[in-house]
Amino acid sequence: MTEVSSLTGRLLVATPALTDPNFHRAVVLLLDHDEEGSLGVVLNRPTPVGVGDILESWGELAGEPGVVFQGGPVSLDSALGLAVIPGGDGPLGWRRVHGAIGLVDLEMPPELLARALGSLRIFAGYAGWGPGQLEDELSEGAWYVVESEPGDVSCPRPESLWRSVLRRQRGELAMIATYPDDPSLN
């Protein structure tokens, strides 16, 4: 098997050619990527469900818009928490993924993490790829791979994240941000 260069902590930004409705204009933060597969969460799919409606004790700590996000099409009945914790080591119940971004153990009492949290977002489900599957999609041109920023996790206007991430890139990718929602209307 060929060695897989880890993309953990990077963003997958759906190309306009990606037609799967689960990933149309999606921005996915990769939480894990190795030879066994990949796992990430879609950062720009808010649901109408408030965090406090399903995880009452975490509701007060969730950043705006304060709703659960659909992290992907897999295991929609499970919750995953991501938090940005600036500085060095994070508190008990938080595991660094990349830079200041880490996973929150939602089984921990929220008050143990509350003081350290820079932002918190809750996701229902995740996006997953088996061994080699993501690499195949990348070679087919389904995704752009770009660097993540801590603010991507807590973007208060998630509907604008796809364009924002592309706009901050250099060259051709920045121009893709202006791609129309429906090119047939041009």
Side-chain angles (χ1 to χ4, degrees), residues 7-14 21-33 38-128 143-169 177:
L7 299 176
T8 299
R10 300 193 68 195
L11 296 177
L12 298 178
V13 181
N22 290 306
F23 297 110
H24 176 74
R25 296 212 172 184
V27 177
V28 178
L29 174 66
L30 283 175
L31 303 174
D32 193 23
H33 176 254
S38 304
L39 180 138
V41 289
V42 179
L43 298 177
N44 58 335
R45 294 279 191 275
T47 71
V49 179
V51 170
D53 295 341
I54 60 162
L55 294 170
E56 186 176 341
S57 59
W58 291 96
E60 292 289 319
L61 297 175
E64 287 303 314
V67 297
V68 175
F69 281 67
Q70 183 174 339
V74 182
S75 293
L76 290 172
D77 58 345
S78 65
L80 189 143
L82 274 184
V84 174
I85 298 192
D89 293 334
L92 184 66
W94 180 80
R95 182 179 61 84
R96 184 177 315 281
V97 171
H98 178 76
I101 302 166
L103 288 164
V104 173
D105 180 352
L106 296 173
E107 299 294 320
M108 295 287 287
E111 51 276 2
L112 293 180
L113 293 135
R115 299 183 99 193
L117 291 180
S119 67
L120 171 71
R121 189 143 284 167
I122 304 295
F123 298 88
Y126 62 90
W143 301 99
Y144 303 119
V145 179
V146 301
E147 295 298 323
S148 64
E149 295 181 1
D152 297 333
V153 172
S154 58
C155 179
R157 293 188 51 233
E159 69 280 355
S160 68
L161 188 60
W162 186 83
R163 289 187 192 281
S164 298
V165 168
L166 288 171
R167 200 171 291 124
R168 74 177 184 231
Q169 307 308 310

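Starting from 1, each residue takes its place in the sequence as its number. These values consider heavy atoms only, across backbone and side chains, with no hydrogens, waters or symmetry-generated copies.
- Here Ile122 contributes atom CD1 and Ile54 contributes atom CD1; the two are 7.5 Å apart, rounded to the nearest 0.5 Å.
- A pairwise comparison of heavy atoms in Pro91 and Leu113 identifies CG-CD2, 3.5 Å as the closest pair.
- In this structure, the separation between CZ on Phe23 and CG on Leu12 is 9.0 Å, given to the nearest 0.5 Å.
- Nearest heavy atom pair, residue Gly66 against residue Ala62, reads CA-CB, 4.3 Å.
- Glu60 is linked by a salt bridge (charged side-chain N to carboxylate O under 4.0 Å, His left out) to nothing, counting only residues two or more places apart in sequence or in another chain.
- The backbone N or O of Gly102 sits nowhere less than 3.5 Å from a side-chain atom of Arg96 that would complete a donor-acceptor pair.
- Between Leu80 and Leu31 there is a side-chain heavy-atom pair separated by less than 4.5 Å.
- Here the side chain of Arg121 pairs a donor or acceptor atom with the backbone of Val153 at under 3.5 angstrom.
- Looking only at distances, no side-chain donor or acceptor of Trp162 sits under 3.5 Å from a matching main-chain atom of Asn44.
- The shortest side-chain heavy-atom distance between Ile85 and Leu117 falls under the 4.5 Å cut-off.
- Contact of the Val97 side chain with the Leu29 side chain is not registered, since no non-hydrogen atoms from C-beta on lie closer than 4.5 Å.
- A donor-acceptor pair under 3.5 Å is absent between the side-chain atoms of Ser148 and the main chain of Leu11, judged by distance alone.
- Looking at Trp58 and Leu106, their side chains come closer than 4.5 Å, going by heavy atoms from C-beta outward.
- Side-chain contact check for Val42 versus Phe123: every heavy-atom pair is 4.5 Å or farther apart.
- Considering all non-hydrogen atoms of both residues, Leu30 and Ser38 come closest at CD2-CB, 4.2 Å.
- Minimum heavy-atom separation, Pro110 to Leu61: CB-CD1, 3.7 Å.
- Just one residue in the list Leu112, Leu103, Asp105, Val104 forms a side-chain contact (heavy atoms from CB on, under 4.5 Å) with Trp94, and that residue is Val104.
- Between Glu64 and Pro158, every side-chain heavy-atom pair lies at or beyond the 4.5 Å cut-off.
- Two residues are said to be in side-chain contact when any heavy atoms from C-beta on lie closer than 4.5 Å; Leu43 and Cys155 fail this criterion.
- For Arg168, the salt bridge (charged side-chain N to carboxylate O under 4.0 Å, His left out) partners two or more places apart in sequence, or in a different chain, are Glu149, Asp152.
- Glu56 pairs by the salt bridge (charged side-chain N to carboxylate O under 4.0 Å, His left out) definition with nothing, not counting sequence neighbours.
- Here the side chain of Arg25 pairs no donor or acceptor atom with the backbone of Glu159 at under 3.5 angstrom.
- In this structure, the side chain of Thr47 engages the main chain of Val68 through a donor-acceptor pair within 3.5 Å.
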